[in-house]
Number of protein chains: 2
Amino acid sequence: MKDTSKTDTCPTSHTPGQCPLDTVLRLLMGPWTTYVLWLLQTEGPLRFGQLKARMGRISSKVLTDRLRHLEAAQLITRTYAPTIPPAVTYAMAARGAELKDVLDGINQLAVRWQSEDEARALSQAAE
Amino acid sequence: MKDTSKTDTCPTSHTPGQCPLDTVLRLLMGPWTTYVLWLLQTEGPLRFGQLKARMGRISSKVLTDRLRHLEAAQLITRTYAPTIPPAVTYAMAARGAELKDVLDGINQLAVRWQSEDEARALSQAAE
DNA sequence: CTGTATCCGATATGATACTG
DNA sequence: CAGTATCATATCGGATACAG
């Protein structure tokens with residue numbers, strides 16, 4: 001038994017599939033990924049074209065790739081309506097909402113650190 | 001309400017430097033990065049060579065790169081002793097410890113999701 | 001010991017074109 | 001509309017050699 005249960009993550013990062021933390025981290029890393037989650041969370045369900053339009057210069061290929069991975073991880077849902085033309089809608093799933101909380105946690109740290117750095121830069125410039 | 005206390009980050013991920021969350025996420029993503037943090041946190045301060053030895057096949061180039069970025073972000077500290085031969089020791093900094101908490105949060109989610117998936121796979125196989 | 005300098009192959013992203 | 005296919009390019013990681 002290799003445990004797990006101990007939140008004691010694993011020393012990972014180079015053995016994909018073995019470390020849950022690493023798997024999630026890798027999923028989030030690529031460009032655009034957190035942006036997709038952000039949009040679905042703040043604007044609600046969106047269709048492929050709407051997402052693409054809001055993201056500016058992302059290519060269909062990359063956007064599709066991100067959506068597929070997020071869907072596979074059950075962070076978002078994909079709903080296909082076989083109308084003509086077809087309509088595909090993406091929305092946050094339960095896990096996406098859970099992840100949102102921790103991402104907010106990191107974000108709060110990041111924002112604070114940045115402001116601390118700026119404050120320090122200013123005080124030094126004043127010397 | 002879209003609220004979130006307005007730490008309402010930014011819709012980012014493609015504009016480096018503009019979004020604090022994205023900056024941190026990008027820092028953590030690369031292979032080895034979380035591994036370095038993990039080692040320093042569980043084993044205490046370590047020297048360059050010790051880190052390299054524990055990480056197996058990482059190259060000096062990549063390890064140096066990771067350490068430089070972590071140091072720049074103030075997640076770890078670098079102590080240089082001008083002895084002969086020189087000795088450089090890396091250790092967790094205050095921000096690294098703060099980050100550790102949220103990483104544990106993600107890890108707990110990741111571990112739970114994985115076990116949920118495994119449980120589902122088993123029940124389906126039983127049908 | 002602790003890196004830096006290079007070359008190289010793998011991967012990933014963007015732009016473009018095309019299909020159901 | 002919602003992708004898929006392909007190609008060119010950029011970046012990244014790995015291995016090796018070498019320097020302070």
Handout entry: Rounded distance in Å - CG (B:L67) to C1' (C:dG3)
Key = 11 Å
Handout entry: Nearest-angstrom distance from the residue atom CD1 of B:I84 to P of C:dG3
Key = 16 Å
Handout entry: With A:L67, the side chain to side chain contact (heavy atoms under 4.5 Å, CB included) member among A:T33, A:V62, A:L51
Key = A:L51
Exercise for the section: Could you check if a side-chain atom of B:W113 sits within less than 4.5 angstrom of a side-chain atom of A:L99, using non-hydrogen atoms only? Expected result: yes
Practice task
Inspect the surroundings of CG in B:L122 and state if more than 12 heavy atoms from other residues, nucleotides or ligands are less than 6.0 Å away.
Solution key: yes
Exercise for the section: Not counting sequence neighbours, which residues clear side chain to side chain donor-acceptor pair (under 3.5 Å) with B:E118? List them please. Expected result: none
Completion exercise
Here the distance between atom C1' of C:dA12 and atom CZ of B:R26, to the nearest Å, is 12 Å
Handout entry: Any A:R47 side-chain N or O less than 4.0 Å from OP1/OP2 of D:dC1
Key = no
Exercise for the section: Kindly determine whether A:K61 and A:D65 satisfy salt bridge (charged side-chain N to carboxylate O under 4.0 Å, His left out), including the steps that lead there. Expected result: CA-CA 6 Å; A:K61 188 181 85 172; A:D65 177 79; over 6 Å; no
Handout entry: A:H69 NE2 - D:dG3 P separation (whole Å)
Key = 15 Å
Completion exercise
Among the nucleotides D:dA2, C:dT13, C:dT4, whichever has the atom closest to the side chain of B:T64 is C:dT4
Problem - Side-chain N or O of B:Y90 closer than 4.0 Å to phosphate OP1/OP2 of C:dG3 - result: yes
Completion exercise
Among D:dG14, C:dT2, D:dG3, the one nearest any side-chain atom of A:F48 is D:dG3
Handout entry: Nearest to side-chain heavy atoms of A:P31, which nucleotide of D:dG3, C:dT13, C:dT2
Key = C:dT13
Practice task
May I have all residue pairs that pass side chain to side chain donor-acceptor pair (under 3.5 Å) and include part of residues 77-95 of chain B, sequence neighbours excluded?
Solution key: A:E116-B:R95, A:D117-B:R95, B:R78-B:Y90
Problem - Under 4.0 angstrom between A:R78 side-chain N/O and D:dG3 OP1 or OP2 - result: yes
Completion exercise
Rounded to whole Å, the CG-P distance (A:D65 to D:dG3) equals 13 Å
Practice task
Would you tell me if any nitrogen or oxygen in the side chain of B:W32 comes within less than 4.0 Å of OP1 or OP2 on D:dC12?
Solution key: no
Under 3.5 Å, which N/O atoms of the protein pair with N/O atoms of nucleotides 15-20 of chain D?
from   : atom 1 : to    : atom 2 : distance (Å)
D:dA15 : OP2    : B:R57 : O      : 3.4

Handout entry: Selected nucleotide, minimal atom distance to A:R68 side chain, candidates D:dG3, C:dT4, C:dT13
Key = D:dG3
Problem - Rounded distance in Å - CG (B:L27) to P (D:dC12) - result: 13 Å
Exercise for the section: Quickly work out the A:L63 CG to D:dA5 P distance and round it to whole Å. Expected result: 16 Å
Exercise for the section: Verify, without hydrogens or angle tests, whether A:R112 (side chain) and A:Q108 (backbone) share a donor-acceptor contact under 3.5 angstrom. Expected result: no
Completion exercise
When rounded to whole Å, the OH to P distance for the pair B:Y80 and C:dT2 reads 10 Å
